Amino acid sequence: MTKNFAHRGFSGKYPENTMLAFRKAIEVGADGIELDVHLTKDGQLVIIHDETTDRTCGVSGKVGRMTLEELRQLDASYLWRGQMEEPNPIPTLREYCQLVEKLPLVTNIELKTNVNEYPGIEAKVLELIREFRLEDRVIISSFNHFSVLRMRELAPELKYGLLSESWVMGAGKYVHDLGIPCYHPIHGNLTPELTAELKQYGLEINTFTVNTEEDIRRLAALGIDAVIGNYPDMARRVLAECNGKGEA
Ligand code: G3P
Ligand code: MG
């Protein structure tokens with residue numbers, strides 16, 4: 001069964017990484033939500049994709065050099081200007097945890113430590129996961145594999161995934177030898193050969209960013225564990241068919 005994870009929430013139809021996008025992903029029945037976490041100047045965990053506020057908020061600023069209060073003045077629906085009834089602030093990870101605390105869905109927390117390392121971010125994320133008892137419903141991933149290993153040191157009981165946008169040689173062995181259970185490659189790299197290699201190493205495969213029916217069908221047929229995409233409504237419908245047919 002291939003699962004349906006909403007990439008930055010229901011970001012195909014609502015402003016990415018906002019509470020609105022997360023609520024809408026839940027409404028359409030996503031199995032999971034992927035989101036991106038950064039650390040503010042005053043040590044708060046916020047959900048935003050880029051290192052800067054320029055693209056999504058239309059205001060120039062560096063997330064790591066701004067306080068939470070400064071960031072909260074911004075509207076993260078700049079890309080949807082004129083289409084939203086009200087502003088959508090940059091959410092804190094705490095706000096998100098409150099939303100999903102009682103829900104069965106999986107949260108894929110991507111640590112955005114690939115450009116700025118944000119020292120201490122792993123411990124802060126862990127603290128929140130424990131406070132909200134989300135231990136069994138999270139996958140922690142990052143393009144910065146050191147960051148993933150740092151967090152695993154702190155909490156070996158959580159589930160971890162390594163992100164990759166590259167054509168890595170020996171990816172299955174690499175991930176397996178690090179003792180990490182999930183691999184999160186960009187979907188275009190998932191050839192039948194790579195998929196077979198990853199499966200041979202017993203890895204869970206969650207792939208991004210899958211936005212077309214055709215890609216979802218191909219990946220479901222390969223038996224990929226989860227597709228992470230911007231249209232969880234469409235993915236749900238297509239996967240219901242694919243999973244029903246026993247393709248996955
Ligand atoms: O975690 C999957 C995907 O979100 C990784 O790429 O740039 O969309 O965060 P990006
Ligand atoms: Mg991401």
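Nothing fancy with the numbering, it's 1 onward along the sequence. Atoms within a ligand are numbered from 1 in the order they appear, just like the ligands themselves. Because the structure is a prediction, the values reported are computed rather than measured.
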Within ligand 1, which atoms have a heavy atom of [X] less than 4.0 Å away?
X	value
R8	7 (O), 8 (O), 10 (P)
F143	5 (C), 6 (O)
F208	2 (C), 3 (C), 5 (C), 6 (O)
K112	7 (O), 9 (O), 10 (P)

Below 4.0 Å, non-hydrogen atoms only: which portion of H184 touches ligand 1? Side chain, backbone, both or neither. neither

Can you tell me if E165 contacts ligand 1 (heavy atom of the residue under 4.0 Å from the ligand)? no

Is the number of heavy atoms from other residues, nucleotides or ligands under 6.0 Å of E214 CD greater than 12? no

Is it the case that more than 12 heavy atoms not belonging to E131 sit under 6.0 Å from its CD atom?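 Yes - once you tally the heavy atoms of other residues, nucleotides and ligands closer than 6.0 Å, there are more than 12.
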
Determine whether T191 and W167 satisfy the following criterion, side chain to side chain contact (heavy atoms under 4.5 Å, CB included), listing intermediate values before the conclusion. CA-CA 11 Å; T191 58; W167 292 86; 4.1 Å; yes

Residue, atom name and distance, where the atom is the protein heavy atom closest to [atom]:
atom	value
atom 4 (O) of ligand 1	E34 OE2, 2.6 Å
atom 10 (P) of ligand 1	H49 NE2, 3.2 Å
atom 5 (C) of ligand 1	E110 OE1, 3.4 Å

Same cluster or not: are I140 and L149 linked, directly or through other Ile, Leu, Val, Met, Phe, Trp or Tyr residues, by side-chain heavy atoms under 4.5 angstrom apart? yes

Quick one: does T209 get an N or O within less than 3.5 Å of an N or O on ligand 1? no

Out of the N/O/S atoms in [X], what is the name of the one closest to the Mg ion (ligand 2)?
X	value
E110	OE1
D36	OD1
E34	OE2

Which atom names give the shortest non-hydrogen contact between L203 and I180, and what distance separates them? CD2-O, 3.3 Å

I would like to know whether D75 and N88 meet side chain to side chain contact (heavy atoms under 4.5 Å, CB included); could you show each step before the answer? CA-CA 5 Å; D75 180 2; N88 290 282; 4.1 Å; yes

Do the charged groups of E34 and K3 touch, with an N to O distance under 4.0 Å?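 Salt bridge flag = no for K3 with E34.
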
Exercise: do N17 and D36 side chains pair donor with acceptor under 3.5 Å: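 Result is yes, a qualifying pair exists.
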
Do you know which of H38, R65, K62 makes side-chain contact (heavy atoms from CB on, under 4.5 Å) with E51? H38

